[in-house]
Number of protein chains: 2
Amino acid sequence: MTGTPIRVVLADDERMVRTALRVILDAEPDVEVAGEASTGAEAVSVVREVRPDVVLMDVRMPEIDGIRATEQILATMERPPRIVVVTTFENDAYVYDALRVGAAGFVLKRSAADELVSAVRLVARSDSLLYPAAVRGLAAEHARRRPAAPPWAARLTDREADVLRLMATGLANAEIAGRLGVGPATVKTHVAAVLAKTGARDRTQAVIAAYESGFITPG
Amino acid sequence: MTGTPIRVVLADDERMVRTALRVILDAEPDVEVAGEASTGAEAVSVVREVRPDVVLMDVRMPEIDGIRATEQILATMERPPRIVVVTTFENDAYVYDALRVGAAGFVLKRSAADELVSAVRLVARSDSLLYPAAVRGLAAEHARRRPAAPPWAARLTDREADVLRLMATGLANAEIAGRLGVGPATVKTHVAAVLAKTGARDRTQAVIAAYESGFITPG
DNA sequence: AACCGCCTCCGCCGTGCGGGGGAGAGCTGT
DNA sequence: ACAGCTCTCCCCCGCACGGCGGAGGCGGTT
């Protein structure tokens with residue numbers, strides 16, 4: 001626990017917010033504020049320079065907003081820091097964009113001090129805890145709301161279509177079986193039927209066919 | 001801090017996992033394991049009975065899976081507990097469903113002990129920290145939009161990107177090898193790297209990730 | 001009744017796949 | 001000179017996958 005402290009960079013256009021955050025974080029022995037930035041562009045350069053563990057990034061900032069700054073940092077650095085987006089409103093539309101470009105999480109400005117500190121510690125030393133990369137695919141996931149009638153769709157039975165949809169979410173046969181409440185052998189039968197009817201050689205080709213034909217759609 | 005302990009219910013079909021979780025949590029003075037369940041149906045009834053603060057819910061369970069158990073608990077209780085989904089794979093498709101039905105978060109089984117404890121404490125006493133209720137509106141509200149650059153695309157090497165593209169056309173390893181003019185063993189190495197970096201369990205999940213992230217597009 | 005499509009499940013079996021190592025060559029930046 | 005990354009290739013191993021054939025039940029159609 002008493003190793004090197006968690007190095008944090010604060011990016012917010014309001015000085016008051018920055019100092020508030022700094023006061024909170026400086027009170028913690030294992031956290032060190034390594035830099036500050038007041039614009040998105042500044043944030044990018046400061047982060048590149050000091051190479052922190054965590055960045056607290058405001059969404060609304062002049063020149064470049066927090067989203068694009070996040071995007072640039074994650075895209076251009078080889079070992080990028082974990083970026084926590086700081087926002088005022090829970091339903092801020094920016095939040096969704098932040099998640100999509102790869103932010104590790106977000107905190108509300110009205111959060112209690114210890115919640116903020118918890119968040120920093122959490123993202124600093126866990127790359128797989130609450131809502132990781134998976135969330136970023138969520139938007140795409142739920143956009144699958146458009147049946148487009150592929151040529152072979154009519155030939156698939158209801159059950160086979162169910163199985164194909166679950167295959168296209170990356171599930172293994174045993175998992176599909178659990179989901180549908182049937183035995184693994186049954187799933188294998190349906191999978192075989194799907195492969196035959198779609199002309200696919202394996203489940204991967206079947207999933208590709210499902211995407212390409214519009215049977216299922218990405219975001 | 002020294003009020004009533006956080007009461008936790010463990011739901012997992014494997015006894016070993018349950019005891020492991022129990023050992024970890026019992027070591028914490030402010031956490032108390034109030035009950036265990038080995039099936040989804042049992043989880044629902046146990047949770048109703050002991051009324052815990054937090055439920056650690058496995059996704060894969062007999063009778064009723066963790067998703068439906070979560071759904072039932074949240075739907076039928078007036079003050080439902082916070083439910084943390086426990087999963088093995090970061091990209092487990094169940095995760096999306098878990099979020100949609102209202103899970104508070106999820107942890108990976110390979111997480112460190114203190115990460116688990118942090119997660120329990122976090123969800124127990126914060127309803128507005130990392131990824132709160134707002135995320136659940138994501139599926140409904142923020143259905144479409146462009147995924148932009150996937151966070152892992154930058155981390156793929158040129159060769160790995162080549163391999164992923166060929167994987168996404170349905171080619172087997174040997175075929176990719178022939179296409180790239182290298183040996184099959186080399187392709188296997190690249191495939192393994194792609195799986196690791198995308199968090200995919202097998203080539204099918206990797207291809208799905210490629211589609212969903214916009215790395216490749218249908219048509 | 002006879003037929004047929006669909007769903008459910010059971011074996012057996014070969015193999016491609018993915019995890020776990022390791023290793024050498026080349027190239028870059030310090 | 002050295003570390004670090006990438007690309008190349010090798011081994012062993014366990015297992016999920018997919019191909020094969022077979023079977024029973026159930027509901028429609030003829």
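Here is how names work: the chains are called A, B, and so on, in the same order as the sequence lines, proteins then strands, and each is numbered from 1.
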Trainee: Looking only at side-chain N and O atoms, does T157(A) come under 4.0 Å of OP1 or OP2 in dC7(C)?
Mentor: yes

Trainee: Look at R201(B) and dG18(C) and indicate whether a side-chain polar atom (N or O) is within less than 4.0 Å of OP1 or OP2.
Mentor: no

Trainee: Indicate yes or no: at least one non-hydrogen side-chain atom of I83(A) is less than 4.5 angstrom from one of V47(A).
Mentor: no

Trainee: Nearest-Å distance, CD (Q205(B)) to P (dG18(C))?
Mentor: 10 Å

Trainee: Does R203(A) put a side-chain nitrogen or oxygen below 4.0 Å from OP1 or OP2 of dG18(D)?
Mentor: yes

Trainee: Is it the case that atom CZ in R48(B) sees more than 12 heavy atoms from other parts of the structure closer than 6.0 Å?
Mentor: yes

Trainee: Distance check needed: dT6(D) C1' versus E160(B) CD, whole Å only.
Mentor: 9 Å

Trainee: Which ones in residues 184-195 of chain B lie close to DNA chain D, meaning a heavy atom under 4.0 Å from one of its atoms?
Mentor: A185(B), T186(B), T189(B), H190(B)

Trainee: Looking at dG16(C), I'd like to know if its phosphate oxygens (OP1 or OP2) sit under 4.0 Å from a side-chain N or O belonging to N173(B).
Mentor: no

Trainee: What is the distance from CG of L180(B) to P of dT8(D), rounded to the nearest Å?
Mentor: 8 Å

Trainee: E175(A) has an atom CD; how far is it from atom C1' of dC17(D), in whole Å?
Mentor: 14 Å

Trainee: Rounded off to whole Å, could you give me the CG-to-C1' distance for the L156(B) and dT6(D) pair?
Mentor: 13 Å

Trainee: Find out whether T198(A) and Q205(A) are in side-chain contact, i.e. whether some heavy atom of one side chain is under 4.5 Å from a heavy atom of the other.
Mentor: no

Trainee: Under 4.0 Å between any heavy atoms, over every strand shown, what does A172(A) touch: base, sugar-phosphate, or nothing? Just pick one.
Mentor: sugar-phosphate

Trainee: Report the residue from T157(B), T189(B), L164(B) that forms a side chain to side chain contact (heavy atoms under 4.5 Å, CB included) with V194(B).
Mentor: L164(B)

Trainee: Among T204(B), T169(B), D202(B), exactly one meets side-chain hydrogen bond (donor to acceptor under 3.5 Å, both in side chains) together with T204(A). Which residue is that?
Mentor: T204(B)

Trainee: Output the distance between atom CD (E32(A)) and atom CG (D53(A)), rounded to the nearest 0.5 Å.
Mentor: 9.5 Å

Trainee: D158(B) CG to dT8(D) P: how many Å, rounded?
Mentor: 11 Å

Trainee: For the atom pair CD1 (I176(B)) and NZ (K188(B)), what is the distance rounded to the nearest 0.5 Å?
Mentor: 12.5 Å

Trainee: Just the rounded figure in Å: distance from P of dC7(D) to CG of L164(B).
Mentor: 14 Å

Trainee: With nearest nucleotides of DNA chain D determined for G181(B) and M167(A) from heavy-atom distances, which residue corresponds to the more 5′ nucleotide?
Mentor: G181(B)

Trainee: Round to the nearest Å and state the distance from L171(B) atom CG to dC17(C) atom C1'.
Mentor: 15 Å

